[in-house]
Amino acid sequence: MKITVIAVGKIKEKFYREAVAEFEKRLGRYCKLEIIQVEDEKTPDKAGMAMETEIKRKEAERILKHIREDSCVITLEIKGRMYDSEGFAGEIARLATRGTSHIQFIIGGSLGLHEEVCKRADLAVSFSQMTFPHQMMRVILLEQVYRAYRIINGEPYHK
């Protein structure tokens, strides 16, 4: 299976880049992983609702250019469906059983995702009701995808 992570913004901190690289290496034995970074928009400190919507719209245009019609699109959203690790692994396994060969996970920028991206999603997933920095979310997502593959393959993992 191919897993693509489409994320807004670059990872600036070295420790996040190193963590992403580690999970890229680990996932190499389970799937083909691709990470696409799209440019983020600068958000002024006192941006109003209209400006925030416009920023999310511009980021959405960049995201949507990379979404493939034949992929299963999973957005990461606070209001998405919550899973435990076994349930998340089960969802990935079900997609594979149904013939899905490509999953695209979408991580928005600091303001979240525009409604056009959310409408395109086949599934919205939430890892928590808390807000995480979008850079950290890449690490969390990759760790959970790695854990899912360990579970699917009956390999040990930490509960």
With a sphere of 6.0 Å drawn around [atom1] of [X], does it hold more than 12 non-hydrogen atoms of other residues, nucleotides or ligands?
{"X": "Met82", "atom1": "CE", "answer": "yes"}
{"X": "Arg57", "atom1": "CZ", "answer": "yes"}
{"X": "Glu155", "atom1": "CD", "answer": "yes"}
{"X": "Lys2", "atom1": "NZ", "answer": "yes"}

Specify the closest pair of heavy atoms between [X] and [Y], including all atoms of both residues, with the distance to one decimal.
{"X": "Val117", "Y": "Ala60", "result": "CG2-CB, 3.5 Å"}
{"X": "Ile152", "Y": "Ala89", "result": "CD1-O, 3.5 Å"}
{"X": "Gly108", "Y": "Leu113", "result": "CA-CD2, 3.4 Å"}

With a 4.5 Å limit on heavy-atom distance, are the side chains of [X] and [Y] in contact?
{"X": "Ile3", "Y": "Tyr30", "result": "no"}
{"X": "Ile106", "Y": "Val5", "result": "no"}
{"X": "Ile55", "Y": "Ser110", "result": "no"}
{"X": "Ile35", "Y": "Leu142", "result": "yes"}

Main chain of [Y], side chain of [X]: is a donor-acceptor contact present, judged purely on distance under 3.5 Å?
{"X": "Glu39", "Y": "Val8", "result": "no"}
{"X": "Ser126", "Y": "Gly80", "result": "no"}
{"X": "Thr75", "Y": "Glu77", "result": "no"}
{"X": "Glu41", "Y": "Lys56", "result": "no"}
{"X": "Thr4", "Y": "Gln104", "result": "no"}
{"X": "Arg150", "Y": "Pro156", "result": "yes"}
{"X": "Thr100", "Y": "Ala96", "result": "no"}

Please report the interatomic distance [atom1]([X]) to [atom2]([Y]), rounded to the nearest 0.5 Å.
{"X": "Leu64", "Y": "Ile6", "atom1": "CG", "atom2": "CD1", "value": "8.5 Å"}
{"X": "Phe105", "Y": "Arg138", "atom1": "CZ", "atom2": "CZ", "value": "14.5 Å"}
{"X": "Ile107", "Y": "Gln37", "atom1": "CD1", "atom2": "CD", "value": "10.0 Å"}
{"X": "Ile63", "Y": "Ile36", "atom1": "CD1", "atom2": "CD1", "value": "11.0 Å"}
{"X": "Cys72", "Y": "Leu123", "atom1": "SG", "atom2": "CG", "value": "6.5 Å"}

Open item on the list: Can you pull out every salt bridge (Lys or Arg N to Asp or Glu O under 4.0 Å) where at least one residue sits in residues 101-116? Sequence neighbours excluded, please.
Closed with: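 As it turns out, the salt bridge (Lys or Arg N to Asp or Glu O under 4.0 Å) pairs with a partner in residues 101-116, which skip direct neighbours, are Glu116-Lys119.
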Task: side chain to side chain donor-acceptor pair (under 3.5 Å) between Glu24 and Tyr146, worked out - done: CA-CA 9 Å; Glu24 283 180 293; Tyr146 172 70; over 6 Å; no
Salt-bridge criterion met for [X] and [Y] (N-O under 4.0 Å):
{"X": "Glu143", "Y": "Arg147", "value": "yes"}
{"X": "Glu61", "Y": "Lys65", "value": "no"}
{"X": "Glu91", "Y": "Arg94", "value": "yes"}

- [ ] For Met1 and His102, run side-chain contact (heavy atoms from CB on, under 4.5 Å): C-alpha distance rounded to whole Å, both residues' side-chain angles, the deciding distance at 0.1 Å, then the answer.
- [x] CA-CA 6 Å; Met1 179 172 294; His102 189 185; over 6 Å; no
TODO: Tell me, with the steps shown, if Phe127 and Phe88 meet ring-ring contact (aromatic ring centres under 6.0 Å, His included).
DONE: CA-CA 10 Å; Phe127 282 87; Phe88 186 64; 5.8 Å; yes
Open item on the list: I'd like to know if the side chain of Gln135 pairs up with that of Arg17 as donor and acceptor (distance under 3.5 Å, no hydrogens or angles considered).
Closed with: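 Absent: no donor and acceptor within the cut-off.
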Task: Distance-only polar pair, side chains of Gln144 and Ser85, donor-acceptor under 3.5 Å - done: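 Yes, side-chain donor-acceptor contact under 3.5 Å.
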TODO: Given side-chain contact (heavy atoms from CB on, under 4.5 Å), test Val145 with Leu27 step by step and report yes or no.
DONE: CA-CA 8 Å; Val145 170; Leu27 281 164; 3.9 Å; yes
